[in-house]
Amino acid sequence: MVIRKKHVAVLGSTGSIGTQALEVIKAYPENFAVEALTANGNADLLIQQAIEFKPNCVVIADESKYEIVKNALSKHDSSAPLGAGIKVFTGNKAVEQVVQMNSIDIVLAAIVGYAGLASTISAIKAKKSIALANKETLVVAGELITALAKENGVNIYPVDSEHSAIFQCMAGEWENPIEKIYLTASGGPFRGKDKKFLASVKKEHALKHPNWDMGAKITIDSATLMNKGLEVIEAKWLFNLKAEQIEVIVHPQSIIHSIVQFKDGSMKAQMGLPDMKLPIQYALSYPNRLSSSFERFDFANCPNFSFEKPDTETFRCLSLGFEAMRKGGNAACILNAANEVAVNAFLNDKISFLKIAETIENTLAKAPFIAKPSYDDYVHSDKESRMIASGFCK
Ligand code: NDP
C-alpha cells in the first residue's frame, strides 16, 4: 500500500514526547517529514534537532534565546550554513503562526500545560489534523476545542496512551455506543502508601515513576493521581462520554493501556509494553499501522496482571478531577491552573506533596465559577486561578 508522506509540526520538540516523536519520524523517512519544530528555552537541543531534521522553520518561544538559535543555524561549516534555509522565529505568537503554514499536514501538540492551548486552537482553525499529547488543552477548554474541531472538520488523534488505547479499541466500532470505559492507572510511585508516608515525600521520590519515563510535570501528576484526573476529563471530550461512563482502575503492570465496554457487555482492551513511541506513531500514521521494531510484550515475563480500585481518600486529586468534570463550566480550567502552580511550587521545594491537592481544592472553592465560558473567560480564569493558587503556596 502506498501511504502519502505526512509533513509534521512538532510543538514541544525538546520534551519527552517531542524527542520520542522525532525518533519515530526518523525511523520512517518515506512516511514523515518535519516541517516545524518548537521549544521554549532549550536552544541547544532545538539547534541540534534543526540541523538533523532540516525543517522549514523553528520557533524558540523564549525571546532571550533567539540570537543563539539564529546564529547557530546560520554558522558555516566547510561547504554551507548548518541550518541552510531554516527560518528562525521567536515568541509565543510565532508558535501560533507557524502551525498555520500550508505545508503542514499534522501538528503534534506536545507542549506541556496550559501553554499548549493557543497553538492547538490556531492549528485547528487552520484545519490541520492534530496528534494531541497536550491533555491540558482538553481539560481547560474541552467544550470549545471539540466544537471548533467539528466546525473545521479536524480530527484529533490521541497520543496519551490510555486514550490511544480507547481509540484503537474503537476501530471498526464507531457505530456501536460505548457503555463504559476503564482508564488504567499504574498507581504511580506511591501506590499503597498512606497520608502519613506521603507527608514527608520529596520531589526526588515523586519523580521516580515505576513504569514510564516522562517530563517532570506529568511525572508529579502521576504521583498525585492528578494525571488520571486530567485524563478522565480528556476522555470525556475525546469520546463524548458522561461522568458515569468513565471508571479508573489501577493496573500496576501498565500492560493493558485501557478498556472499552460495549452495550452487549463485551470488553476490548489494548495491550503492549509501556512505550510512548507506539501511541505517538499510531496518531501520526493513522489509519495505517507501520511495522516497528519496538520491544514486544512476552507473557512469560509477566504472568500475572492485577487490578485494584484507586485510593481516592489518600490521592484526593483523582476525585477533584471527577468533581471538576461533573461541575463543568470553567471548573476544570481552575483545577488545571491550580495544579500547574502547585506542582511547580512542589518542584521548587516550596510546598509539601500533600499541599498539592489542598491547594487545588482551596482554589476551586475560591475562584469564581462561570457556567458557559468563552475563550476570553478561560484566559481570565486561568490567570485569576493562578494568582489564587500562588497565594495558597506561600
Ligand atoms: P516535557 O516537560 O518533557 O516537554 C515539554 C515541551 O514543551 C518542551 O519542548 C518545552 O520546551 C516545551 N514548552 C514548555 N513550556 C513552554 C511554553 N511556555 N511555550 C512553548 N513551549 C513550551 O513534557 P512532556 O513531553 O512529558 O509532556 C508534554 C505533554 O504531553 C504534556 O501535556 C503531557 O501531559 C503529555 N503527555 C506526556 C507523556 C509522556 O510520556 N511524557 C504521556 C502522555 C501525555 P523546553 O524543552 O525548551 O523547555
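Remember, it's 1-based here, ligands and their atoms both numbered in the order they're listed.
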Taking only distance into account, with no hydrogens and no angle test, what donor-acceptor pairs under 3.5 Å do side-chain atoms of residues 84-97 form with protein atoms, sequence neighbours excluded?
from: Lys87; atom 1: NZ; to: Asn56; atom 2: OD1; distance (Å): 2.7
from: Thr90; atom 1: OG1; to: Ile60; atom 2: O; distance (Å): 2.7

For Glu23, what residues pass the side chain to side chain donor-acceptor pair (under 3.5 Å) criterion, not counting sequence neighbours?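 Here no residue qualifies.
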Donor-acceptor pair, side chain of Lys5 and main chain of Pro29, under 3.5 angstrom: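 Checked: pair present.
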Is the distance between the ring centroids of Phe190 and Phe353 under 6.0 Å?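 Ring centres of Phe353 and Phe190 closer than 6.0 Å.
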Select all protein residues for which some heavy-atom-to-ligand 1 distance is less than 4.0 Å, and list them by chain and number.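 Within 4.0 Å of ligand 1, protein side: Gly12, Ser13, Thr14, Gly15, Ser16, Ile17, Ala39, Asn40, Gly41, Asn42, Ala61, Asn92, Ala110, Ile111, Val112, Ala115, Ala133, Asn134, Lys135, Glu136, Asp160, Met214, Gly215, Ile218, Met276.
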Would you say Trp212 and Asn227 make side-chain contact, with heavy atoms under 4.5 Å?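 No, side chains not in contact.
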Can you list the residues that meet the ring-ring contact (aromatic ring centres under 6.0 Å, His included) rule with His7, with sequence neighbours excluded?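 His7: no ring-ring contact (aromatic ring centres under 6.0 Å, His included) contacts found.
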